[in-house]
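The first residue in the sequence is number 1, and the count goes up from there.
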Amino acid sequence: MTALVLAGLSKSYDGTDTIRGIDLEIEDGEFVVLVGSSGCGKSTVLRMIAGLEEVSAGTIRIGDREVTHVPAAARGVAMVFQSYALYPHMTVRENLSFGLRNMRVPRARIAEQVAEAAAILELDTLLDRLPNQLSGGQRQRVAIGRAIVRDPTIFLFDEPLSNLDADLRVRMRHELARLHKRLGSTMIYVTHDQVEAMTLADRLVVMDAGTISQVGTPLELYERPANIFTAGFIGSPRINLLDAVVVERRGGEALFEVAGGARFARTCAEELGVGDRVTAGLRPEHVRIDRGQTGPDGGDMALTLDVEAVEALGHSTFVYAQLNGAGEFRAKLDGHHTIPVPGTLTLHADPARILLFDATGQAIPTLRQ
């Protein structure tokens with residue numbers, strides 16, 4: 001069953017389009033994450049689904065109901081905000097039950113639903129405390145509990161962990177994943193944090209300037225980005241994007257030369273001819289110090305770097321350098337490596353891991369893809 005359908009969804013402010021023709025289907029029970037840089041429109045989309053923003057064009061369907069112009073309270077969704085939005089003068093119990101009391105739900109039913117939500121979120125011992133007596137993580141659990149008691153069709157989360165410290169964010173991510181598994185509910189989650197996005201999502205929706213750049217599983221978007229924007233947004237450290245040109249064709253294989261002189265061979269579309277320019281994408285974690293023997297042509301691409309900075313983290317080593325003729329280059333090496341700064345370093349890359357993009361920024365099909 002389809003839980004949510006957005007068709008041609010658009011939003012304009014004073015004649016300026018901020019959301020442009022979004023089409024998206026979310027299945028019942030999916031955990032879908034909207035991700036993108038600040039200002040891309042992901043929170044606006046969430047608020048339109050919730051009924052907190054008017055729709056300029058297009059439709060919203062929840063289950064078998066069109067709700068495009070249905071009031072927020074009648075849509076059967078519950079939203080968890082970044083700011084918790086708890087009433088400071090009310091206890092945890094009162095915060096959890098407030099919405100149900102306004103809906104005139106019978107007291108016995110309210111008590112039952114509050115107790116159930118408190119048990120799920122381990123708030124049982126905190127029900128008589130005020131928000132200022134709670135930690136940030138506890139307050140966020142209360143905000144989530146307030147959504148659970150309403151038994152919504154869809155849960156909407158608008159950057160709910162952004163006010164928490166790093167360690168607490170990790171723990172809350174795990175709690176949200178367990179909550180989704182336990183409830184089996186449809187959840188739509190907005191974040192600019194790609195770690196949250198990659199670890200929580202069944203599917204990711206990458207947004208760029210009010211449009212959808214790509215939709216897919218986290219692994220699909222990481223390994224097979226449809227365009228340069230998705231490739232650049234998914235992955236940390238950020239992917240290296242290098243100018244390259246086709247210098248030779250060998251049947252179905254093309255030989256590319258990167259700015260700076262490094263060469264690699266890939267099997268790719270026959271339409272790509274000698275002299276055609278492309279962008280080669282190489283993720284920092286896909287380079288290594290030792291030379292392998294994989295890839296088309298039997299060898300790796302060698303990159304000679306001028307090292308500017310090194311971050312040694314024990315389990316990995318980050319290298320920030322300049323690649324002659326190609327600008328800044330980032331590398332993430334497994335384990336600890338002693339690398340002189342400044343100094344020269346040669347790294348190797350398996351050509352099969354290199355992504356190719358055409359002049360319009362779209363992915364070029366290759367044998368690996």
Side-chain angles (χ1 to χ4, degrees), residues 2-27 30-63 65-85 140 143-144 146-147 150 152-163 176 185-198 200-216 218 221 226-227 229-230 232-234:
T2 303
L4 174 73
V5 178
L6 307 180
L9 197 67
S10 299
K11 177 66 178 178
S12 299
Y13 293 99
D14 299 325
T16 300
D17 294 334
T18 57
I19 303 296
R20 299 190 292 276
I22 293 221
D23 296 308
L24 179 66
E25 292 190 13
I26 295 174
E27 298 301 315
E30 268 197 298
F31 198 128
V32 171
V33 177
L34 275 59
V35 67
S37 53
S38 296
C40 71
K42 55 189 183 295
S43 289
T44 301
V45 170
L46 200 73
R47 290 175 64 84
M48 284 195 287
I49 295 169
L52 302 178
E53 290 278 358
E54 287 290 329
V55 173
S56 300
T59 59
I60 300 171
R61 181 174 291 275
I62 296 176
R65 300 169 60 217
E66 183 181 330
V67 299
T68 312
H69 302 294
V70 171
R75 294 194 180 195
V77 303
M79 191 159 177
V80 178
F81 297 91
Q82 175 181 350
S83 61
Y84 315 141
Q140 191 56 272
I144 294 170
R146 195 167 53 187
R150 295 181 55 191
T153 303
I154 299 175
F155 287 86
L156 306 174
F157 296 91
D158 190 6
E159 304 205 44
L161 308 185
S162 59
N163 288 334
L176 281 170
S185 302
T186 305
M187 295 185 175
I188 305 173
Y189 189 102
V190 160
T191 184
H192 65 273
D193 185 325
Q194 64 169 278
V195 174
E196 287 178 21
M198 296 287 283
L200 286 172
D202 295 323
R203 283 193 303 155
L204 283 177
V205 179
V206 179
M207 291 191 61
D208 175 28
T211 63
I212 292 178
S213 176
Q214 190 174 353
V215 180
L221 269 57
N227 49 62
F229 180 84
T230 298
F233 192 84
I234 299 297

Search all heavy atoms of [X] against all heavy atoms of [Y] and return the closest pair with its distance.
X	Y	answer
Thr230	Ser213	OG1-OG, 2.8 Å
Asp202	Pro218	O-CD, 3.7 Å
Ala209	Arg20	O-NH2, 2.7 Å
Ala201	Val33	CB-CG2, 3.5 Å

| said: Using 30° and 60° as the class boundaries, would you call the ring planes of Phe31 and Phe157 parallel, tilted or perpendicular? | reply: parallel

| Going by the salt bridge (charged side-chain N to carboxylate O under 4.0 Å, His left out) test, which pairs reach into residues 187-198, not counting sequence neighbours? |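 Non-adjacent pairs meeting salt bridge (charged side-chain N to carboxylate O under 4.0 Å, His left out): Arg169-Asp193, Arg169-Glu196.
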
| request: Hey, could you give me each pair passing salt bridge (charged side-chain N to carboxylate O under 4.0 Å, His left out) that has a residue in residues 204-215? Not counting sequence neighbours. | output: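 For residues 204-215, and leaving out neighbouring residues, there are no salt bridge (charged side-chain N to carboxylate O under 4.0 Å, His left out) pairs at all.
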
Under the 3.5 angstrom rule, does the side chain of [X] hit a backbone N or O of [Y] as a donor-acceptor pair?
X	Y	answer
Thr18	Lys11	yes
Arg150	Gly76	no
Thr191	Val35	no
Lys42	Ser37	yes
Asn163	Gln82	yes

Can you list, pair by pair, the side-chain donor-acceptor contacts under 3.5 Å of residues 47-63, counting residues two or more places apart and other chains?
unit_1: Glu53; atom_1: OE1; unit_2: Tyr13; atom_2: OH; d: 3.1
unit_1: Glu53; atom_1: OE2; unit_2: Tyr13; atom_2: OH; d: 3.3
unit_1: Ser56; atom_1: OG; unit_2: Ser12; atom_2: N; d: 2.9
unit_1: Arg61; atom_1: NH1; unit_2: Asp64; atom_2: O; d: 3.1

